[in-house]
Structure formats: C-alpha cells, structure tokens
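Heads up: the structure comes next, in structure tokens.
It should be emphasised that the depicted structure is a prediction, and the values quoted were computed from it without experimental measurement. Both counts, for ligands and for their atoms, begin at 1 and track the order of listing.
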Amino acid sequence: MTGPRFRFAPSPTGFFHVGGARTALWNWALARSEGGTFVLRIEDTDEARNQPEWTQGIIDALAWLGIGADDPHFEGPYFQSDYAEQHVAAGQALFDSGHAYYCDMTPADVEARNKAEGNQGYQGWSRDLGLGPGPGRVLRFRVPVGHTVVHDRVRGEVVFDNATIEDFVLLRGNSSPMFLLANVVDDLTMRITQVVRAEEHLPNTPKQQMIWEALGHPAPVWAHVPVLVNEQRKKLSKRRDKVALEMYRDEGYLAPAMVNYLMTLGWTPKGGSEIADWPQMEADFLLEDVNHSPAFFDLKKLAAFNGEYIRMLSAEQFLEACRPWLLAGTAFRADRFDERMFLEMAPHIQPRCVTLADAAGVVDFLFLESPVFDDASLQKTFAGTDGHEILADTLAAYEALPSWTATDLKAALEAIAERRGLKLGKAQAPARVAVTGRTVGPPLFEALEVLGRERSLERLRHVQPVGDPSA
Ligand code: GLU
C-alpha cells in the first residue's frame, strides 16, 4: 500500500483507554480515506508495567471496533522491544555526528548542582567534556539554540523556544532507550509519515522533531488531538473514571455505537447529525476540523447513542447481539429461552434498552416459571381493594375471551377501564404486575399475546391472593 503511513502506538500498561480508542479510530479513518496505511505498534519496552494480556486486550478491542489485520490498510502489530538494536544504533549515530554527548552525572548530581547554583533542570554541564560511553553514562541530545516550529494539523504552527528545552536523555546509563528516542526510531523504521496522537505528547514533539532532523530525515506531519475530560471537566483518569473500552463492550455497548460516539469526541460529522455510519465518517473526517478544546466524555450521551443503535437493529440482529446476555443464565435458565418469543417481543424490548445487557431483564418474565415479583410494585398495585377487583375483572374478561390477540386483550381491558372510570394505564396495572412482576415493562397486550393464554391466565389467577386485605 502506498500513500501516507499513520500509526497507533499504545503502551500495554492497562485496559484499553477510550481516549486511545478515539485516537486509533481517527488514525484509521485517515489511513483509509487517504489511501494509506495504519500501523499498529505496541510500545512494550517498559518491562515493569507491561503485561502480555494487556497487549492482547488492545488487539482484541481494536478488532471489536473494526480495526484489524483482515483489512489491507492495517499493518502490524509490531513490537517496540524487537527494535532495541535500531534504538541503540540511532543513539550511536547521534553521538558520532555530534548531536549527542555522554554525561556521567547522576540525577542526584544534577539536583545537588542545581541546588548549589540556584538553577532548575540539566544545564548542559557535560557538553564539552568529550566523554565516551561508559557504565552509568547517559547519552544526551545537544539541543541547539533557536526555536523549533512544529506544524500541527490540529493546532497549526506551534513555536517552542529551545532555551526552555534541556539537553534531554536519549539512552539511559544501561544503554536502554528513552521513550523519545525509541518512539522516533520506530516511526522512522516503519516509514511513518503522519503522527496523530494525544495532546499530552505535544511537549515531546519539539524534542522528537530535533531527533528526526539530526538523524537526517524530515519530521512527519504532526497532529495532537484534544484530551477527553469527565463531567467535572477533569482529564479522564483510570482511577476516577470508567475509561476501559473493554468494560463498555462487556456491558453491552454496540461496537458501531461506540465507534460513532468516539469519533464525535471533538469532531462533528458533516450534515449536522452526530449519528453517522462509518463510511460517512471515514469520508468526512479531517484533522483540520477537530476542535481544540478538551472533549467531554459524556456517559449519558454515550448511552443515548447506544439506545439509538439498538433501535436500528432488526429483530434478528438484536437477538444475535443480545444472545450472550440472554444465555448467561442470570435472569432466567438458559434452557428456558425461546427464540421465537424473543423475536416477537424484540421491537417492544429495543426501545427499553440502553445496553444489550438490559434485554434479559425486560423479557425475563417470558422465560421464568413464574415472574419475580418486585415487592414495591405489589404493594403499590394491591395495597387497597381496587387492585384486586380490577384483577378479578381482568381475569374474568380474559377467561371468556374467544381469541388471544393483543387487539382483543386491549379492547377487553378498555371496557373494564371505562366501566370503572379509569385510565387504561391504571386499569392494566394489576394485570401487568401479575404477569411480569413489575409496574413498568414492555407493552402489556403484546406481552400477554406472546406469553400465551394458558401461562397468562395462570399468572392472573396465581397473584390474586397476594396482599389481599380480605385474606
Ligand atoms: N506509547 C505512547 C503512549 O501510549 C504513544 C506515543 C505516541 O503516540 O507517539 O502514550
């Protein structure tokens, strides 16, 4: 694949952060729409914090979003740890060309000297000592005087005064590379032309641009995308906020809803509607249109997106999507599940679900031997005598009903409501609680039709004595 080369370079140090997922999606959209490549590079050199399961978690979560090896635009995954030789060689080349020098000062030495001289940061003390490599010696970049101008597709031109940048470390005392060097060398090795990444890396960018140039290559096109913040407008944090993409997946968020929502964090699809399908977003997405301010990761909005996507599914798609939760055995016994009944109820369940996991709790009454009664609902509905009387009327009317269709079931209850001067909602409450166990749920008459005559009548009879004041 020719064309621009983008990359996504996560460090596998934990669950896959929703902010990382958004960065990955934006890179993916650009790689595809610009006829380029999306390189996945796992930056796994921090041995103390990396774990193989996090790497697999990232790969699986990306695949769930639709980013994966079965697409010709995808390349990788590459692993940073496989490029150690290149990192050290690049350090050596920078030393040989005079762009870097060795320094034998420990962090404690630097601190002590700064204290004595009233300075902060490393002051280039070993620049002209002519030290060669040796145990405990770090390799530092010789930051030139002047300014570094970063051209950023989101932020425009950002100018850094080099006087504010100390001679930073490229290789540690044990020759292992620092992030700044390894990240650039890998981008170079992988022929990356566009670096689209989190805003927190903007301060690293002038340093990395200097490394690119010192190694004799033009820097890539940069783009730093705004951070995600929570309701208090604080940067999303692992400790405080629900940031793991995997959690949303496991809770029953649909991948297309998640993709759509993440894409709109800091960007709005053309045409005004935020609900947009992937082909449209891929075609429309431009870094230049990205908002500079932090994007609010709004859980309520995400829930609304998910509900909207759930309602867009056909009954069959909805069944397939819900299946893991329906068969989990937590709401009802998996062997009592009946696909036909579920499919018939699906259009009435979909509007009541925020996540796929909700469906099991909405339809459980169909697949349980008898409904699980919610005590508060029972109390509320049958506290006085009215509830019992209405239920008795309903039972009598339904026992006499020649056909068991939602239309006839409704008509019979309307007649009862009228006779008693009640609204239909109030008149159907006792039957609803008797049959479903709850005061709220899917439309009652459709539910009764699907549950069937015998099971419905049985429940209407059975609940009668419960809470009966005359009993
Ligand atoms: N491994 C870095 C991170 O996860 C990525 C840096 C970059 O994208 O350049 O923050």
Side-chain angles (χ1 to χ4, degrees), residues 4-31 36-59 61-62 65 67 75-84 86-87 90 148 150-155 158 168 170 176-212 215 217 219-228 235-238 243-246 262 266 287 290:
R5 290 175 65 82
F6 294 83
R7 83 332 184 239
F8 178 57
S11 306
T13 55
F15 287 112
F16 189 32
H17 195 288
V18 286
R22 192 225 15 207
T23 304
L25 283 167
W26 282 0
N27 274 290
W28 184 238
L30 292 166
T37 302
F38 172 104
V39 173
L40 174 61
R41 178 174 72 241
I42 306 290
E43 300 210 320
D44 59 345
T45 39
D46 184 348
E47 279 168 22
R49 294 172 65 214
N50 294 330
Q51 284 182 36
E53 58 267 35
W54 298 133
T55 298
Q56 195 53 47
I58 292 169
I59 293 170
L62 286 173
L65 295 176
I67 304 176
E75 195 179 295
Y78 297 111
F79 293 88
Q80 186 158 69
S81 54
D82 290 338
Y83 294 85
Q86 283 90 329
H87 303 150
T148 301
V150 169
H151 298 278
D152 189 290
R153 279 182 77 182
V154 173
R155 304 185 166 268
V158 192
F168 53 91
L170 299 166
S176 66
M178 294 290 282
F179 160 76
L180 290 170
L181 178 67
N183 183 261
V184 167
V185 173
D186 290 348
D187 282 343
L188 246 165
T189 311
M190 293 162 200
R191 307 188 321 283
I192 299 304
T193 58
Q194 309 246 355
V195 171
V196 180
R197 60 182 176 180
E199 191 178 33
E200 66 195 26
H201 289 292
L202 186 60
N204 292 327
T205 309
K207 301 179 198 172
Q208 295 197 303
Q209 186 161 300
M210 289 178 207
I211 301 176
W212 276 87
L215 287 169
H217 296 273
V221 176
W222 307 102
H224 289 88
V225 303
V227 290
L228 303 186
K235 190 173 162 199
L236 284 193
S237 109
K238 264 191 216 176
V243 298
L245 186 73
E246 293 92 331
L262 290 170
L287 283 166
V290 164

ask   = ligand 1 versus Asn183, non-hydrogen atoms closer than 4.0 Å: side chain, backbone, both, neither?
value =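 Within the 4.0 Å criterion, Asn183 contacts ligand 1 through side-chain atoms alone.
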ask   = What part of Phe8 sits under 4.0 Å from ligand 1 if we count only heavy atoms: the side chain, the backbone, both or neither?
value = neither
ask   = Within the distance-only criterion (no hydrogens, no angle test), does the side chain of Asn27 pair as donor or acceptor with the backbone N or O of Phe6 below 3.5 angstrom?
value = no
N/O donor-acceptor pairs under 3.5 Å from side chains in residues 9-17, not counting sequence neighbours:
residue, atom, partner, partner atom, Å
His17, ND1, Gly19, N, 2.8

request  = For Ser11, counting its heavy atoms only, list the atoms of ligand 1 lying under 4.0 Å from any of them.
outcome  = 1 (N), 2 (C), 3 (C), 4 (O)
query = Under 4.0 Å from any heavy atom of Arg7, which atoms of ligand 1 are there?
reply = 7 (C), 8 (O), 9 (O)
inquiry  = Applying side chain to side chain contact (heavy atoms under 4.5 Å, CB included) to Gln208 and Val195, what does each step give before you reach the verdict?
reply    = CA-CA 11 Å; Gln208 295 197 303; Val195 171; over 6 Å; no
inquiry  = Is a donor from one side chain sitting under 3.5 angstrom from an acceptor on the other, for Trp222 and Gln209?
reply    =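 Judged by distance alone, the side chains do pair up.
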task = For atom 10 (O) of ligand 1, find the nearest protein heavy atom and state the residue, atom name and distance (0.1 Å precision).
result =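 Answer for atom 10 (O) of ligand 1: His201 NE2, 2.8 Å.
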request  = Begin with the C-alpha distance, continue with both residues' side-chain angles, and end with the deciding distance and a verdict on side chain to side chain contact (heavy atoms under 4.5 Å, CB included) for Asp187 and Arg5.
outcome  = CA-CA 10 Å; Asp187 282 343; Arg5 290 175 65 82; over 6 Å; no
Ala9 N/O under 3.5 Å from ligand 1 N/O =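 Among all N and O atoms of Ala9, at least one is under 3.5 Å from an N or O of ligand 1.
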